[in-house]
Every structure is written in structure tokens, then in C-alpha cells.
Amino acid sequence: MGPAPKPEGARRRRNATVAMTPLPPEGRKGRPPKWPLLDDVVLIARRDLALRKADELELALLEPNLKGRAKVAAEKKADSAREAALILTKQVEAQQALEGELWKELWKTPQAVMWAQQSWTREVAQYVRWKTRAEAGDLDAAKEARQLADRLGLTPLAMLRLRWRIADPDEGTSAPRTRRRPAAGTRRPKPDDPRATLHVVE
């Protein structure tokens, strides 16, 4: 029947390792790339439509024949339109500001070193766009942001899949020790030679 199978721990090669790419713990240095995407066209279009509707309702209030309940109803519609336009305007401003802040922040991370090498500028920008929408409460955008975060190595598990790791702060900074060669014409005493313990006194 042959020998019994080895235990799981004995079957694995203990010296087998997977090459990991070390990333600098201080992150990427230098300026971030230029923002490659257009403005959020959908959100800006909604804002522009809301502003146009508010202006139209404001003009309708100036009609001389508008009186009584009709005028009250028109005023309520105008107020609602102004509120919607103001909210969308603030959303556009907040999203643009947040995109700029997140863009600069991400390009200072250790992962950004690999993004620059792989020219993942647009991929990072798309993550920023979805992430800002997600923080505004868009659940669909949150799903897209999570997927892109995995591709960009922004989570520990994603870094493991990409074979990336954050290097230790002192990694690669310690120089190997070099042996000092004796002067020409001198002999190094043997370990059992009593002369090995002698020191020159000046």
C-alpha cells in the first residue's frame, strides 16, 4: 500500500516564498499627475437644469394676472426649485473640492509608486470620482469604489494579491559590514597564537 501520506505541514516547502515588491513607507514623492477626467457631466447638467427651472418660475411670479391661490402655489414651486438648484450647486462645489483633496492624498501613498510605473492615472482618477460620489450617499458608487480599491491595492488583501508590501522604515538602509584587510607585509596571527591578544600601546 505504500507509506502513509505526510502531514500537511510536512508536505509544504517551508523555504518556498513568493516574491513581494517592497513599497517605500514614506510614500511617493513629487507632485500628483494632472487630473485626467472631465467634470462630472451628469451632476453639472442636473444643476444647470435646476437653475434654469428656478429662473423660469421666478419670471412666472412677475405675471400681473397671477393672484390668489395660483400665486401662492407658484411661489411654493419657485421656492422648491431654488432649493433644489442650491443643493445641486453645493454638491458640485463639494465634489470638485473633495476630488482635488483625495487626488493629492492618494498620490502620496506608497501604492502610488506602482501606479506611476504602470501609468494608472485614469484608473486612480476613476476611483476618486466613484469614492466622492459614495461619500455623498450613492450606494452604486460605493460598490464601484470598492472594486477599484481592490485593483489599486488600497486594502491589505488587495496588496497581498498584487504582491505588494510596505517596506520597513530601516529596510535597505544598513550597509553590510566590510572586513578590514591587514596592511601589506603583515601576517595575521592564528587564533591560538598568544600574540593575538597583544595590543600596541602608544
Considering all heavy atoms of both residues, which atom of [X] and which atom of [Y] are nearest to each other, and what is their separation?
X: A158; Y: A149; answer: CB-O, 4.1 Å
X: A134; Y: A141; answer: N-CB, 3.7 Å
X: L66; Y: A60; answer: CD2-O, 3.5 Å
X: M20; Y: R165; answer: CB-CD, 3.8 Å

Show me the donor-acceptor pairs within less than 3.5 Å that the side chains of residues 84-105 make with the rest of the protein, sequence neighbours left out.
{"from": "T89", "atom 1": "OG1", "to": "A85", "atom 2": "O", "distance (Å)": "2.7"}
{"from": "Q95", "atom 1": "NE2", "to": "D40", "atom 2": "OD2", "distance (Å)": "2.9"}
{"from": "Q95", "atom 1": "NE2", "to": "E99", "atom 2": "OE2", "distance (Å)": "3.2"}
{"from": "E99", "atom 1": "OE2", "to": "R129", "atom 2": "NE", "distance (Å)": "2.4"}
{"from": "W103", "atom 1": "NE1", "to": "P33", "atom 2": "O", "distance (Å)": "2.8"}

[atom1]/[X] to [atom2]/[Y] distance, rounded to the nearest 0.5 angstrom?
X: Y127; Y: R151; atom1: OH; atom2: CZ; value: 13.5 Å
X: M159; Y: T21; atom1: CE; atom2: OG1; value: 9.5 Å
X: T155; Y: D150; atom1: OG1; atom2: CG; value: 4.5 Å
X: R133; Y: E144; atom1: CZ; atom2: CD; value: 9.5 Å
X: K71; Y: N65; atom1: NZ; atom2: CG; value: 11.5 Å
X: S80; Y: K53; atom1: OG; atom2: NZ; value: 8.5 Å

Please determine whether residues [X] and [Y] belong to a single hydrophobic cluster, defined as Ile, Leu, Val, Met, Phe, Trp and Tyr linked transitively by side-chain heavy-atom distances below 4.5 Å.
X: W130; Y: L154; value: yes
X: W35; Y: L106; value: yes
X: L37; Y: L43; value: no
X: M114; Y: V124; value: yes

Short question: side chain of R28, backbone of R31 - any donor-acceptor pair under 3.5 Å? yes

Under the 3.5 angstrom rule, does the side chain of Q111 hit a backbone N or O of G153 as a donor-acceptor pair? yes

Could you tell me which residues satisfy side chain to side chain contact (heavy atoms under 4.5 Å, CB included) with K143, sequence neighbours excluded, listed by chain and number? D140, R146

Once side chain to side chain contact (heavy atoms under 4.5 Å, CB included) is applied, do any residues pair with K76, and if so which ones, sequence neighbours excluded? V72

Step through the shown structure and confirm whether more than 12 heavy atoms of other residues, nucleotides or ligands are within 6.0 Å of CG on L157. yes

Neighbour count >12 (heavy atoms, 6.0 Å) for atom CZ, R52: no

With heavy-atom distances below 4.5 Å as the criterion, would you say the side chains of V113 and P24 are in contact? yes

If the plane angle is over 60° it's perpendicular, under 30° parallel, otherwise tilted; pick one for W115 and W107. perpendicular

